[in-house]
Amino acid sequence: MPDLSLTCKRTINASAEALFNAWLNPEIMAQFMSPRPDMTVKEARSDATVGGSFYVLMIGDKEFPHEGIYKEITPHSRLVFTWMAPWSHPDSMVELGFAPVGDATEVTLTHTHFTDEDSRDGHAQGWAGILGKLDAAIAA
């Protein structure tokens, strides 16, 4: 099967610095790192260094633990980390890009290495929901 990946983009009315930092701050991560309106984050941790790890426990109809290792942290422009969950492909990676667009920022999220098309498609919806919650969290 060919490598399956997805890309989501969203322009958010905030600085690249504020959006970049949100992905590394556990208090802010807890506000947006769950894909659906009926889900919340029970726990978020982040050691925001290259080689450091993060952990997010999403709660919906059950618990959805996610964790990863930061592979690249280029302040305010690029963030790369592994994406591990019990059902994830072992080489799953997420790359975030932050590009200023006037007073706003275009956030581009690329997630690679899925076990199948259903997983990729579910994550596409999930990441779109997370980017929407990020937009709302930053606007608040």
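Note that the numbering runs from 1 along the sequence shown for the chain.
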Does Leu134 belong to the same Ile/Leu/Val/Met/Phe/Trp/Tyr cluster as Leu57, with side-chain heavy atoms less than 4.5 Å apart forming each link? no
Answer yes or no: is there a donor N or O on one side and an acceptor on the other, between the side chain of Lys42 and the main chain of Glu63, under 3.5 Å? no
For the side chain of Ser46 and the backbone of Asn25, is there at least one donor-acceptor N/O pair under 3.5 Å apart? no
Separation between OG (Ser88) and NE2 (His66), nearest 0.5 Å, reads 6.0 Å
Please test Glu43 against Val56 for side-chain contact (heavy atoms from CB on, under 4.5 Å), starting from the C-alpha separation and ending with a verdict. CA-CA 6 Å; Glu43 182 179 355; Val56 176; over 6 Å; no
Check Ala14 against Ile138 and note the closest heavy-atom contact, atom names and distance. CB-CG2, 3.3 Å
Looking only at heavy atoms, which two atoms of Thr11 and Ala104 are closest? And how far apart? CG2-CB, 3.8 Å
Is there a donor in the side chain of Lys71 and an acceptor in the side chain of Thr82, or the other way round, less than 3.5 Å apart? no
Pick from Asp135, Thr105, Thr108: which one makes a side chain to side chain donor-acceptor pair (under 3.5 Å) with Arg10? Asp135
For a ring pair (Phe, Tyr, Trp, His ring centres under 6.0 Å) with Trp83, tell me which candidate from Tyr55, Trp127, Phe114, Tyr70 qualifies. Trp127
Run the side-chain contact (heavy atoms from CB on, under 4.5 Å) test on Glu106 and Ile12 for me, step by step, so that the C-alpha distance in whole Å, both residues' side-chain angles and the decisive distance to 0.1 Å come before the verdict. CA-CA 6 Å; Glu106 182 178 67; Ile12 299 175; over 6 Å; no
What are the two closest non-hydrogen atoms of Ala30 and Ala44, and how far apart are they? N-CB, 4.2 Å
Quick one: do Met84 and Met58 end up in the same hydrophobic cluster if we chain Ile, Leu, Val, Met, Phe, Trp and Tyr together by side-chain heavy atoms under 4.5 Å apart? no
At their closest point, which heavy atom of Met39 faces which heavy atom of Gly60, and how far apart are they? CG-CA, 3.9 Å
Verify same cluster id: Leu24, Val50 (apolar side-chain graph, 4.5 Å): yes
Carefully, step by step, assess Leu6 and Leu109 under the rule side-chain contact (heavy atoms from CB on, under 4.5 Å). CA-CA 8 Å; Leu6 65 85; Leu109 182 148; 4.2 Å; yes
Pair Ser53, Glu67 - check side-chain contact (heavy atoms from CB on, under 4.5 Å), show working. CA-CA 7 Å; Ser53 63; Glu67 59 188 317; over 6 Å; no
Name the atoms and distances for all side-chain donor-acceptor pairs under 3.5 Å in residues 72-80, with sequence neighbours left out.
residue : atom : partner : partner atom : Å
Glu72   : OE1  : Arg78   : NE           : 2.9
Glu72   : OE1  : Arg78   : NH2          : 3.1
Glu72   : OE2  : Thr74   : OG1          : 3.0
Glu72   : OE2  : Arg78   : NE           : 2.8
Ser77   : OG   : Thr74   : O            : 3.4
Arg78   : NH1  : Glu95   : OE1          : 3.2
Arg78   : NH1  : Glu95   : OE2          : 2.4

List for me each residue that meets ring pair (Phe, Tyr, Trp, His ring centres under 6.0 Å) alongside Phe64, sequence neighbours excluded, and say none if there are none. none
Please check if the distance between the ring centroids of Trp87 and His123 is under 6.0 Å. no
To the nearest 0.5 Å, tell me how far Met33 CE sits from Thr40 OG1. 13.0 Å
Starting from Leu96, can I reach Met93 by hopping between I/L/V/M/F/W/Y residues whose side chains sit under 4.5 Å apart? no
All heavy atoms of Pro65 vs all of Ala85, minimum pair found to be O-CB, 3.5 Å
With distance as the sole criterion, is a donor-acceptor pair present between the side chains of His113 and Ser5 under 3.5 Å? no
Side chains of Val41 and Ile59, heavy atoms from C-beta outward: is any pair under 4.5 Å? no
His111 and Ser92 have their tightest heavy-atom pair at NE2-OG, 2.5 Å
Look up atom CG in Asp121 and atom CG in Asp116, then write down how far apart they are to the nearest 0.5 Å. 9.0 Å
Donor-acceptor contact below 3.5 Å, side chain Lys133 vs main chain Pro35: no
Does a sphere of radius 6.0 Å around CG in Asp38 hold more than 12 heavy atoms from other residues, nucleotides or ligands, not counting ones at 6.0 Å or beyond? yes
Separation between OG1 of Thr110 and NZ of Lys9, rounded to the nearest 0.5 Å: 8.0 Å
Rounded to the nearest 0.5 Å, what separation is found between the SG atom of Cys8 and the CD atom of Gln125? 10.0 Å
Please confirm whether the backbone N or O of Glu17 pairs with a side-chain atom of Asn21, one donor and one acceptor, at under 3.5 Å? yes
Centroid-centroid under 6.0 Å between Phe32 and Trp23 rings: yes
What's the separation between atom OG1 in Thr112 and atom CG in Leu4, rounded to the nearest 0.5 Å? 10.5 Å
